[in-house]
Amino acid sequence: MIKITRFFYVHILTFPLFFLAYWVGALQTLLMAYCIVTVHELFHLFAALLLKVRVGCIVVMPFGMTLRLSAHVLKSPKNEALIAMAGPAANACMLLLGLALKQYYIWAEQSMFLYEYLNWITMILNLLPVLPLDGGRILRAVLTHSFGYLRGMKWMRKLTKIMIFILALAGTLLLILTRCNISLVMVAAFLIFNMIEEKKTSDLFAMKELMGAKEKLLKQSLMASKVISATENTAAKQILKRISYDNYCLVYIENSDGKGRIISESELVRAILEKGYQLKLKQIV
């Protein structure tokens, strides 16, 4: 990775790709693809700035460009979904602009077809429910808000593996049929690499969040709460999977006598850290 400025980096393999594109006469296609992806990422950037989310850097990669936020995981599923949706919205806007300009014959028919084709491909690909693509981030935000971070990430990893397998299979068939088109194979390889990195980072994030559960409410001072009802024989780990970073969890535990007690998220996490992952709720109360 070559650092151009504090907020702008270029992957070293990008330069050989441009040379190869020039050599085979595909430089115009590559430049147009990068221009479209640049607008796509700029919409992500504008959305992040409007929502007052800190931006880390912009990285030019062999497959395009990517915006990296300072925080790996946004603690607002709503903001994460809105920032992710801004990218495909950019492609939709460019397609509408192209449709409006078509009647004026500003571009040659072949160039207009390439412009529309690259926009459709970029938008559809990014809407796939796979991390770290926009569709995956939108779905992760929805799952996190509904079912908690750990459970939501577990489902996202399973879905990502299935989608990568499908893309790799389709890419292999495309490569066999065309004998030169390796685009889907490259996308699958990129997603595999990112899935490994995503797992490491998300596991560290989850551990950090659990260790800081006691301070979460104190830092926010005011948070939306979620009540989970369970019997005393329920394993504490089942409740743990439903905890999220955007709300504070309260657990209502009902015993065999029909009497109940409420424990906080902090009490639950502290008990698990002290007594183990297989702890039953009745052992806490």
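Values below: every heavy atom of this structure, side chains too, minus hydrogens, waters and symmetry copies.
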Which atoms form the tightest heavy-atom contact between I138 and A81, and what is the distance?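 Closest heavy-atom pair between I138 and A81: CG1-O, 3.9 Å.
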Indicate the atoms forming the closest heavy-atom contact of A90 with F43, along with that distance.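 Closest heavy-atom pair between A90 and F43: CB-CG, 3.3 Å.
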Show every donor-acceptor pair shorter than 3.5 Å between a side-chain atom in residues 91-100 and any protein atom, with sequence neighbours excluded, or say none if there are none.
{"from": "N91", "atom 1": "OD1", "to": "H40", "atom 2": "ND1", "distance (Å)": "2.7"}
{"from": "N91", "atom 1": "ND2", "to": "N119", "atom 2": "OD1", "distance (Å)": "3.1"}

When rounded to the nearest 0.5 angstrom, what distance separates [atom1] in [X] from [atom2] in [Y]?
X: L118; Y: F113; atom1: CG; atom2: CZ; result: 9.0 Å
X: R261; Y: L281; atom1: CZ; atom2: CG; result: 11.0 Å
X: I228; Y: I253; atom1: CD1; atom2: CD1; result: 11.0 Å
X: E80; Y: M85; atom1: CD; atom2: CE; result: 10.5 Å
X: T144; Y: L139; atom1: OG1; atom2: CG; result: 9.0 Å

Hey, does [Y] have a side-chain heavy atom less than 4.5 Å from the side chain of [X]?
X: H44; Y: D134; answer: yes
X: E41; Y: L45; answer: no
X: R137; Y: L131; answer: yes

Is there a chain of hydrophobic side chains (I, L, V, M, F, W, Y, each step under 4.5 Å between heavy atoms) that links [X] to [Y]?
X: V39; Y: L50; result: no
X: M32; Y: Y117; result: yes
X: L51; Y: V55; result: yes

Around atom CH2 of W120, are there more than 12 heavy atoms of other residues, nucleotides or ligands at under 6.0 Å?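 Atom CH2 in W120 is not packed in, count stays at 12 or less.
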Under 3.5 Å, sequence neighbours excluded: what are the donor-acceptor pairs made by side chains of residues 123-130?
{"from": "N126", "atom 1": "ND2", "to": "T122", "atom 2": "O", "distance (Å)": "2.8"}

